[in-house]
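One structure is given below, encoded as structure tokens.
Residue numbers begin at 1 in each chain, while the letters A, B, ... track the order of the sequences. None of the values given here were measured: they were computed from a predicted structure.
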Amino acid sequence: SAIQHALIQWYHQHQRVLPWRQPSVRRSAESMTHGQDSNTMAYAVWISEVMCQQTQISVVTDYFERWIAKWPTVQALAAAQLSDVHQAWAGLGYYSRATRLHEAAQYIVNQLDGSFPTVARLIFCWPPGVGPYTASAVASIVFAKRVGVVDGNVNRVLSRLGGIAVPLTQDAAKKWMWRQADTLADHAAPGQINQAMMELGALICTPKSPQCHACPLAEHC
DNA sequence: ATCCGGCCGG
DNA sequence: CCGGCCGGAT
């Protein structure tokens, strides 16, 4: 669709440079087999997504780089001491998530043979601590699964884009958002679409004084 | 002082 | 379907 095309174009030009989008995340992986390549990316994306859930990106970047330097693979994280994991997490808050990250790494290594699930939203096959958002993010960004993601940014972009007419209950609104996101992500590059929506919400379609003049979707909104 | 956020437990 | 988790930003 025109919206998908506009998103892809805009994202290609305006995405921020972030460590988990860098070749360095892939570089070590690209010399490996295809399976390990994806899996290394999945690990990095997973960690970055969980960190970004609770903390601003500007703060996350340092934490992320230290984390990856310390534990470059899911196997390394699984083998870490929980106390060290908490130490690396210090300042981020929600310590239970660091605990779950550690538990999840052990689950992936021990129960899933070190391979991340490639499916989205089947949360029973993802480790505890990974919900619909994170599962869909990894599945779409790393494994090119055609599923949408809905976070605070996407919520806002979709609300404005769709101009919700009927007052919906929370539950109905939520379902509507995920449905819209899934439709948008039905594209050859679902991860680009999803990241474009989130980036748009972060940079242009901001909560107050959105920069509609710079928005690639302005004519559809 | 208040709000914000994915996920989980109740 | 609501409230708690924790720190940061406003």
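Residue A:Y95 contributes atom OH, which lies 9 Å from atom P of C:dC6 at whole-angstrom precision. One atom, CG of A:L92, and another, P of C:dG8, lie 9 Å apart when rounded to the nearest Å. Atom-to-atom, CD of A:E103 to P of B:dC7 comes out at 16 Å; the value is rounded to the nearest Å. Atoms CE (A:M51) and P (C:dG7) sit 15 Å apart, rounded to a whole Å. In this entry the distance linking CG of A:L101 with P of C:dC5 reads 20 Å, nearest Å. Look at CD on A:Q54: it is 14 Å from C1' on C:dG4, rounded to the nearest Å. As a whole-Å value, the separation of A:Q56 CD from B:dC3 P is 18 Å. Rounded to whole angstrom, the span from the OH atom of A:Y63 across to the P atom of C:dG8 amounts to 7 Å.
Within the 3.5 Å criterion, the main-chain N or O of A:V130 finds no donor-acceptor partner in the side chain of A:T134.
There is no side-chain donor-acceptor pair under 3.5 Å between A:Y11 and A:E199.
Taking only side-chain nitrogens and oxygens, A:T55 never comes nearer than 4.0 Å to OP1 or OP2 of B:dG5. Contact between the side-chain N/O atoms of A:R100 and the OP1/OP2 oxygens of C:dC5 is not found at any separation under 4.0 Å.
Using a 4.0 Å heavy-atom criterion, one finds that A:Y94 contacts the bases of the nucleic acid, with or without backbone contacts as well.
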